[in-house]
Amino acid sequence: MQWETVIGLEVHVQLATRSKIFSGASTAFGAEPNTQACAVDLGLPGVLPVLNEAAVAMAVKFGLAIHAEIPEVSVFDRKNYFYPDLPKGYQTSQMYQPIVGAGEVEITLEDGTTKPIRVHHAHLEEDAGKSLHEDFHGMTGVDLNRAGTPLLEIVSEPDMRSAKEAAAYLKAIHSIVTYLGISDGNMAEGSMRCDVNVSVRPKGQEAFGTRAEIKNVNSFRFVERAIAFEVERQIELLEDGGKVVQETRLFDPERDETRSMRTKEEANDYRYFPCPDLLPVVLDKAYIDHLRDNLPELPAEKRARFENELGLSAYDASVLSATREMADYFEEVKDVCRDAKQAANWVQGELAGALNRENLSIANSPVSARQLGELVARVIDDTINGKAAKQVFQALWNGQGASADDIIEAQGLKQVTDTGAIEAMIDQVIADSPAQVAQYRDAEPDKRGKMIGYFVGQVMKASRGTANPQQVNELLRQRLDALC
Ligand code: ADP
Ligand code: MG
């Protein structure tokens, strides 16, 4: 039996407002526990929430970026439940009239193909506090700093068919929210987390299978691993004649498995009702138009421009537009060296390799975009050859000079293109290698091509790597063939 995987994601994005969604308390990360939750965040008697306009603007920007309908009216509802990290007894969320309606996100797969994923809606809500299980023996600590932090929950349709598609979707969302500047997208700090809904069905069957929901997965890699495990578990269960039960599961990255948390029977009845403390949000057309007119260039548009105007391959365009930092860095290198393809090669080759090795993000690159652009310009105008360029890159990386030109000068890496100088080195090498010259002369003409490598190596060494390799090759061939 062939099985098909069906996945829908609920992504929680922490919005980058300075204060909470309904209060003036700070949202800064990493403060001392319980120093940033005010009476409104705790829902103490006698206080009233006031909606943060910045959170509304951010949600609408996201909606516009995914070409969603923006309803004129949206409403906040109370989702009632008790938990130690939610002392007010309800979470303020949007159940029936969310701020963002149906839209669409385009994902790019590894082979460069694209696929549209429908977004059912996105709604605003407040985050809860955090339970701290590790720091206290036999007790649980509660930190309410996060209570009231604005979240945008983006709910997809069940349109994804593999773990790779789900990861690509999450990356697309990450890239849209960071381009828009509405979230820092820092997954390690919990700024983006998702609930993964997974089911399987026999290939060709229309009806969906029963799904399990895996809660709070917080990295691209974990999304893929959690789905891989879950799909296998469900298929095995069904093939053994069992049934998948609708339930909430937890992914354990240490053991690489998902475990049951609660089944549908144990699920809460949240008794949603419109929050009597908050007015419905009414957006007029001028407000929405103003936000639309001020949207930045988005990842899909940038990718298309990199491909169509700069002539990059679909793959390069997609990698280089994946994050705003990456795109900005690449564009500055390109503007300085004036060659998009060379800029793309260097950013994805030498630079990406070095960043990977030292586990650095491009924002923390020791080599600035300007420095790299100037280096690439020196390769393009033939001041240095490819080998010397790598040396200059290393020197820039290690902070051994402020610019490519300084390093080229200081280390004498300028490419030797003067024919006379190269010929003098060739003469010396030939004079020093009588045995190899004799071998070359005695070899069949079609074997000589391979033997020339030895002489090229010697000349390059004599020039300390600075001779122009094409010229060395050509001149050597002429000189050696003249000896035969
Ligand atoms: P609920 O009301 O229980 O939250 P929803 O219908 O809102 O359920 O769906 C929640 C998420 O689950 C959505 O992202 C949706 O795409 C996904 N989903 C729904 N049914 C399935 C299914 N059979 N398999 C996989 N994902 C599903
Ligand atoms: Mg839901």
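All ligand and atom numbering here is 1-based and tracks the order in the structure. Note that the structure is a prediction, hence the values are computed from the model and not measured.
Side-chain atoms of N294 come within 3.5 Å of backbone N or O of H290 as a donor-acceptor pair. In this structure, K20 contributes its side chain and R146 its backbone to no donor-acceptor pair below 3.5 Å.
Residue nearest to atom 5 (P) of ligand 1, selected from E10, H120, E157, R211: R211 (by heavy-atom distance). One option in S199, G8, A212 has a heavy atom closer to atom 22 (C) of ligand 1 than any other, and that option is S199.
For Y179, the ring pair (Phe, Tyr, Trp, His ring centres under 6.0 Å) criterion is met by no residue, not counting sequence neighbours.
Taking a cut-off of under 4.0 Å to the non-hydrogen atoms of V6, the atoms of ligand 1 that pass are 24 (N), 25 (C). Remark: ligand 1 atoms within the under-4.0 Å shell around heavy atoms of P158 are 16 (O), 26 (N), 27 (C). Those atoms of ligand 1 with a heavy atom of G209 less than 4.0 angstrom away are 23 (N). Heavy-atom contacts of F208 reach the following atoms of ligand 1: 23 (N) (cutoff under 4.0 Å). Counting the atoms of ligand 1 from 1 in the order shown, those under 4.0 Å from a heavy atom of V155 are 13 (C), 14 (O). Shown in contact with L9 at under 4.0 Å from a heavy atom are these atoms of ligand 1, numbered in order with element: 14 (O).
Because its NZ or CZ atom is both nearer than 6.0 Å to the ring centre of F220 and within 45° of the ring axis, K171 counts as a cation-pi partner of that residue.
At a 4.0 Å heavy-atom cut-off, ligand 1 does not touch D195 at all.
Under the 3.5 Å distance criterion, with hydrogens and angles disregarded, no donor-acceptor pair is assigned to the side chains of D77 and Q94.
Distances between N or O atoms of I7 and those of ligand 1 include no value under 3.5 Å.
Here the shortest heavy-atom pairing between L351 and F393 reads CA-CZ, 3.8 Å.
Here the options are I384, I380, V367, the test is side chain to side chain contact (heavy atoms under 4.5 Å, CB included), and the partner is L375; only I384 passes.
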